[in-house]
Colleague: 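What follows is a structure written as structure tokens; I'll ask about it next.
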Number of protein chains: 2
Amino acid sequence: MIGGGGMGAKATTVYDVAEHAGVSIATVSRVLRRPGDVRDSTRERVLASVKALGYVPSASARGLAARRTGVVGLFFPDFDAMRETTAFVPDRSGAVPVVADPPAEDATGSDLLYFDEVLRGAEIEAWRNGLVLLVGVGRGEDSLSIVSDIAGRVDGLAVLAGSVPDEMLEHIARRIPVVLIAGPRRDDEFDHVSVDNRAGMRALADHVFDTREIDGVLYVRGVASTPDDAERFDGFSEALSARAVADRPGLSVVSAEFSRERARVIGSSLASSGHIPDAVICANDQMALGILDAFRDHGVDVPRRVLVAGFDGIDAGRHSEPRLTTVEQPMEDLGRAAVHVLTQRLANPSQPPVTLRLPVKVLVRESTTPGPPTPRG
Amino acid sequence: MIGGGGMGAKATTVYDVAEHAGVSIATVSRVLRRPGDVRDSTRERVLASVKALGYVPSASARGLAARRTGVVGLFFPDFDAMRETTAFVPDRSGAVPVVADPPAEDATGSDLLYFDEVLRGAEIEAWRNGLVLLVGVGRGEDSLSIVSDIAGRVDGLAVLAGSVPDEMLEHIARRIPVVLIAGPRRDDEFDHVSVDNRAGMRALADHVFDTREIDGVLYVRGVASTPDDAERFDGFSEALSARAVADRPGLSVVSAEFSRERARVIGSSLASSGHIPDAVICANDQMALGILDAFRDHGVDVPRRVLVAGFDGIDAGRHSEPRLTTVEQPMEDLGRAAVHVLTQRLANPSQPPVTLRLPVKVLVRESTTPGPPTPRG
DNA sequence: GCCCCAACTGTATGCGCATACATCCTTCCC
DNA sequence: GGGAAGGATGTATGCGCATACAGTTGGGGC
């Protein structure tokens, strides 16, 4: 029986293959690990036995003996954690519903897409180095045991900064190399990979201020305790103070905690109070989209009445009306860079801590481009 | 030194912890595996040593001893394989480019997004079962060794149907359970998880034919050798033959191999020849988008002159002009179902092969909705 | 005060493979 | 044809943990 997989009859091992091929287990092992060390005729005989017996080497045993697993881990929190608490129940109904699907603005929760790209990059770079990628998603209180579990399975671990307490990171780092993704440069011994939040926001703000005369600007912060938010705000402040006092815009700052909905509320009260600034710059795209939502609802013309810009380069920003000017982060490269740094450290454990700053790019779109609107399509 | 991770000084083991805590390794193991079996005072002492020494259990050793890894694998091919052959080279330039980002139709290559959702579902279901997810992406000729490698690391493997030769699957299945995703019901011993392609396309075609009088219809196939394509075509044929001969549309069939570009070429020649059917139904969204591209270029009005529909529910179809009517596949549920089935089989290896058919949904959008165009935004 | 049982803890072993080292077999050269 | 230098293969061991089983301890009942 083919589908019986591994249970019941125990899986075949090197010993089985060795006996079947009439060689020692060392030879079997060599055929699989360093085929060149084995005579052609022997190798073929062993491979025939491997096929005949359906032999697949146990990575556990291999990892134990070789003291390395060939796996790198990627860990990030699931901001959307509470979404799926239900057990999976197969639905066997046969009817196919036919429903109208009216145009709607993009759903939120695009954080996951963010990770998807990082993950893809990590997988690519892992593959290029002959490694396999293990993904771990932290959910609530289990997070700690999950990271630890994963740490035991891999040769190196990439962790989204802030998703794991420092204490745990240090614990893990005593066993394997750890690289932090999207974290700030900190005064620690970890390797880091991140984007240049400060320079990106600086460039974005400069662009907005250069587009036309801005008397008042609103900066919408995210969660102030996060490094990303802090760095972006620094970049913004820098742009502001770089301008001559004469044409330096008046500044208001408010926080919407990276939430589209909260930003929408803020935008609404702004619009209905009539105190609309000349530009709104947000620490991420979700909040910028929330601002756009509110302004559209209140008939506030973007970009003619007010310029709006975000940060991240999420997909939804390419489909909004108007399309959103933003700072594009190289998500996939973040993932690649993380694994890249891990392999470097694995190859050379004693090298000093590395910090990679990936460059970003300002994408100018209609939300900060006054003038004749670009025709769609 | 914290960042030194695992190299050089060898990682701490149960033996170290046991000695530090003044107990035997069995007790250390029990503290981690079945805390209830150990006296409170002992447990606390051991845990203190674990923390003090930075102990993280080796999953390799654990897996070897316990004969299970606690990992499930997900394997799929990278259709976009040749994209990233370059090594990752960190870019350290400090300048932030500011570039205009004109509206553009979505890039292709959305296949990956397809997998992203499956992956997410698989991860969720794995987590719910106390498992970890290992992802493998097949690329070219390495694919075979990659699958085999992964098979050695996991307790069960979910594989996208068609991405691995049957021979290899059977080989692997002698060691661990294998579930095929999106494959057809076949006469084999594997477990299967797929969507109801036939019923979905049947419902889609019925919808199109019911929308208004269709005299001539073009069906655009994908790669005819794939099960998905075959099942969808069956569903389409079924819808056709279910109609009274009197109002059964004339049929043309052509293949664009699931490619947007090829479909665009087909659409162009159609438009310039003047032989435009009343409806075009495509075996996937990418091809439907290609048709839309061509018709737009040639000024053919969709949906007034011709109805167009696709299959898959990819994101780009929600942003096209007009938006694309399609059959939405529950990608995430596919991933969840696959892992669900795996856990079932792991729990009960002797159960008969399972086939799960997930329901689909027809999303009716403007590409098949004649009448006043829905205002955007 | 003694015995028995339950709750703990320790000892010993094997999981399946990689690999250092020993052994045996070829070739090749003088 | 003898021997040396590799080349090919076999032998023995340990990787770190889970666990069956043996051993120890502490109470409780009589």
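Order of the sequence lines sets the chain letters (A, B, ...), proteins ahead of strands, with each chain counted from 1. Everything numeric here is computed off the predicted structure, so don't read it as measured data.
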Colleague: Name the nucleic acid region contacted by B:T42, choosing base, sugar-phosphate or nothing; use a 4.0 angstrom heavy-atom cut-off, strictly under.
Modeller: sugar-phosphate
Colleague: How would you give the extent of chain A contacts on DNA chain D, as first and last nucleotide 5' to 3' within a 4.0 Å heavy-atom cut-off?
Modeller: D:dA8 to D:dG16
Colleague: Categorize B:V28 for me: base, sugar-phosphate, or nothing, with a 4.0 angstrom heavy-atom threshold over every strand shown.
Modeller: nothing
Colleague: The helix from C:dG1-D:dC30 to C:dC30-D:dG1: angle between its terminal axes, five pairs each, to 10°?
Modeller: 40°
Colleague: For side-chain contact (heavy atoms from CB on, under 4.5 Å), just list the numbers for B:E125 and B:N129, CA-CA rounded to whole Å, side-chain angles, deciding distance to a tenth of an Å, and then say yes or no.
Modeller: CA-CA 6 Å; B:E125 195 62 18; B:N129 288 281; 3.6 Å; yes
Colleague: Report which part of the nucleic acid B:T27 touches: base, sugar-phosphate, or nothing (heavy-atom distance under 4.0 Å, all strands).
Modeller: sugar-phosphate
Colleague: By the 4.0 Å heavy-atom rule, please label B:I25 as base, sugar-phosphate, or nothing.
Modeller: base
Colleague: Do A:V135 and B:E123 come within less than 4.5 Å of each other through their side chains, counting heavy atoms only?
Modeller: yes
Colleague: At 4.0 Å (heavy atoms only), tell me whether B:R33 reaches a base, stays on the sugar-phosphate, or touches nothing.
Modeller: sugar-phosphate
Colleague: Within the distance-only criterion (no hydrogens, no angle test), does the side chain of B:D116 pair as donor or acceptor with the backbone N or O of A:D116 below 3.5 angstrom?
Modeller: no
Colleague: Closer than 3.5 angstrom, by distance alone: can the side chain of A:R175 be matched with the main-chain N or O of B:V56 as a donor-acceptor pair?
Modeller: yes
Colleague: Return whichever of B:R30 or B:V56 has its heavy-atom-nearest nucleotide of DNA chain D closer to the 5' end.
Modeller: B:V56
Colleague: At under 4.0 Å between heavy atoms, what does A:S58 touch on the DNA or RNA strands: base, sugar-phosphate, or nothing?
Modeller: sugar-phosphate
Colleague: Can you find a side-chain donor-acceptor pair between B:S350 and B:N348 that sits under 3.5 Å?
Modeller: yes
Colleague: Does a sphere of radius 6.0 Å around CD in A:Q344 hold more than 12 heavy atoms from other residues, nucleotides or ligands, not counting ones at 6.0 Å or beyond?
Modeller: yes
Colleague: Is the shortest side-chain heavy-atom distance between A:I181 and A:L74 below 4.5 Å?
Modeller: yes
Colleague: Between A:P57 and B:Y15, which residue's closest nucleotide on DNA chain C lies nearer the 5′ terminus?
Modeller: B:Y15
Colleague: Is there any salt bridge (charged side-chain N to carboxylate O under 4.0 Å, His left out) pair reaching into residues 45-65 of chain A, and which pairs are they, with sequence neighbours excluded?
Modeller: A:K51-B:E167
Colleague: Going by atom types only, do A:H192 and A:T355 share a side-chain donor-acceptor pair under 3.5 Å?
Modeller: no
